[in-house]
Amino acid sequence: MESDKRERGLNRRHFLQFTALTGAGLAGAGSLLRLPTLYAQTPPAVTAAGKCEQLIAASEKIPITTSIFELFKIGPGPSSSHTIAPMRAANDFMAAVNSMDDQTLAAAQAIEVRLFGSLSATGKGHGTDWAILAGILGQKPETCAPEFLDSLKKNPDTVYRLHVGRKDISISDRQIIFDKLEHSYPFSNTIIMRLLSDKGILLEKEYYSIGGGFIQWKGWTEPKRGTPAYPYGNMTQLKELLDKNNISLHRLILENEKAIMGTGEGEIYSRLDLILKAMEASVQEGLKGEGVLPGPIGLYRKAGDLNRKAKKIKQTEARFMVRLSAYAIAGAEENAMGHRIVTGPTAGSAGVLPGIVYMMKYQQRCSQQTLREGLLAATAIGFLAKHNASIAGAEAGCQGEIGVAASMAAAMLAYGQPGHPIRVVEDAAAIAMEHHLGMTCDPVGGYVQIPCIERCAMGAVKAYNAFLIATVETPGYNKVSYDVVIRTMAATGRDMSSKYRETSQGGLAVYMVNC
Ligand code: SF4
């Protein structure tokens, strides 16, 4: 828990001086800037957008029906694509196995799992095999204790007995095979799970880890859901709905969640509180962590060290930035430990939003309701990125993970402004995303450590900076809309070589190891 009155008292003049001096616009301000008069200015005329009609993605014409709790998932790190989704696939496969009749199951001899794409290239470093084994053994992502996964890792040769129908079969890590990187399945991260008899295959399922812990499978169809109360597929449509219905952004997201999932408002708020609590816990635990992270890199944990040293830094802005970095690194280090985190939107980026949430709560003393509403604003931004581009490093590179996390965090900060000006929310999200465009995913050794952990700190600092620029600049000066930046992100991800999409075949993953 942190508090510093001097940081909360930083004023606008000080920030603007600092921004002008650095030229980068980075300023540490411990309080949300209160600048209501700026919003009242008339924006300059905006260029007509008709010309880019052909660039509008087909997805933008389809309303978003994702649930808040599909975006924010509690589960074990270090990668939502590589741990949470594979564990969920294993859960689904075991449910299918357990629904088979006893006569068929009597012939069962073994389970075989084959991993393709970046699950094959970096799954070992991410602990995909342990997540799948835990899922087969009945563990669920939200409740799997870190100690359970730790015990699997510490005893790699153990053979477990698995109850299938009326018999037991053996299962161990050796039955999880890291197969080909290049393949012809429709999604990069593919998992084939088979139940085998001595004569052949009794059951086979083909799963896809599509980013952010989401899974689909061959023959998957969109589950039946309610119609959103306020249907939108891009930011332009969202803003029109807000304006036309005179409704706030967090209320619109709440009403849509109720309509799509049939969940009551009380339950949504309690689940949001759980998400916020889990985010806070990941930072708190991370700040206590010491020693070296698992894996061959030998990377020292540094969140606690940075946080302690921040107290001695005299310059307010520097102290603020070191603290914010420490909070984000704390969440990211918990993720690297394989401990419980919240995807926001992914596990690799699980330090960014928790770092901002922690700072808002303990530095800025934001109320629980402000945090809930901010999280709902961040949700809207994450939905749009997932719906129209990607939140998977394996699909879009790191721009889809840290980039999207930073844009969500910037939106959350901006939503704390009086009156929740949507112009500021959109600009903050767009600025944060714009300056992550083209960022590759190149985890060294396949471990979500370098560059991922510090990248969470950079994402949180950029989010804060984007929020400040959007808040202070003259309305209308920002010309890059969130829709444009998301279309650009999608196209850039498509153009990106697979070397830079979570395969550890390029970038730091190559140069750091070979030099
Ligand atoms: S480099 Fe970025 S996208 Fe890749 S694993 Fe790390 S955080 Fe995720």
Side-chain angles (χ1 to χ4, degrees), residues 73 75-86 117-128 131 188-189 209-214 282 293 295 297 299 328-329 331-338 341-355 382 385-386 389-409 432-433 435-463 489 492-493 496-513:
K73 287 183 294 299
S79 161
S80 47
S81 302
H82 289 61
T83 46
I84 297 177
S118 85
L119 290 177
S120 165
T122 61
K124 196 75 201 161
H126 286 65
T128 303
S188 167
N189 286 333
S209 169
I210 60 162
F214 290 89
S282 70
L293 292 166
I297 301 175
L299 191 64
I329 287 173
E333 285 179 349
E334 278 301 278
N335 181 59
M337 287 298 293
I341 49 90
V342 181
T343 60
T346 61
S349 56
V352 180
L353 255 176
K386 180 184 178 300
S390 173
I391 56 170
E395 299 281 341
C398 203
Q399 49 172 3
E401 295 204 12
I402 300 286
V404 173
S407 63
M408 292 167 71
M433 187 66 240
H435 302 293
H436 283 91
L437 287 175
M439 194 157 76
T440 59
C441 169
D442 52 356
V444 173
Y447 286 80
V448 189
Q449 297 181 6
I450 298 175
C452 321
I453 293 172
E454 282 180 4
R455 206 165 264 184
C456 281
M458 301 309 290
V461 169
K462 271 197 206 177
M489 195 260 273
T492 308
M496 214 179 257
S497 159
S498 69
K499 285 199 292 186
Y500 301 113
R501 289 190 275 120
E502 212 170 346
T503 54
S504 293
Q505 306 280 304
L508 271 176
V510 168
Y511 283 90
M512 199 184 140
V513 171

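If you're wondering where the values come from, they're calculated on a predicted model, not measured in any experiment. One-based numbering, in listed order, for ligands and for the atoms of each.
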| task | Indicate if the distance from atom 4 (Fe) of ligand 1 to the nearest N, O or S atom of Cys441 falls below 2.8 Å. | result | yes
| said: With a heavy-atom distance limit of 4.0 Å, tell me whether Met439 approaches ligand 1 through its side chain, its backbone, both, or neither. | reply: neither
| Nearest to atom 8 (Fe) of ligand 1, what protein heavy atom do you find, and at what distance? | Glu401 OE1, 2.6 Å
| said: If we count only N and O atoms by modelled type, under 3.5 Å, do the side chains of Ser282 and Glu334 hold a donor and an acceptor together? | reply: no
| request: Give a yes or no on whether Cys398 keeps an N, O or S atom under 2.8 Å from atom 6 (Fe) of ligand 1. | output: no
| Glu502 backbone or side-chain N/O/S under 2.8 Å from atom 8 (Fe) of ligand 1 | no
| request: Over all heavy atoms of both residues, which pair between Cys456 and Ala332 is shortest? Give the atoms and the distance, please. | output: SG-CB, 3.8 Å
| request: May I ask you to decide if Leu437's main-chain N or O and Gln399's side chain share a donor-acceptor pair within less than 3.5 Å? | output: no
| task | Please name the pair of heavy atoms, one in Pro345 and one in Ile391, separated by the smallest distance, quoted to 0.1 Å. | result | CB-CD1, 3.8 Å
| said: Quick test: of every protein heavy atom, which one is nearest to atom 6 (Fe) of ligand 1, and how far off is it to 0.1 Å? | reply: Cys452 SG, 2.2 Å
| query | What atoms of ligand 1 come closer than 4.0 angstrom to any heavy atom of Arg455? | reply | 1 (S)
| query | With respect to Tyr500, which candidate in Ser504, Ser497, Ser498 satisfies the side-chain contact (heavy atoms from CB on, under 4.5 Å) definition? | reply | Ser497
| Would you say the side chains of His126 and Ser81 form a donor-acceptor pair under 3.5 Å? | no
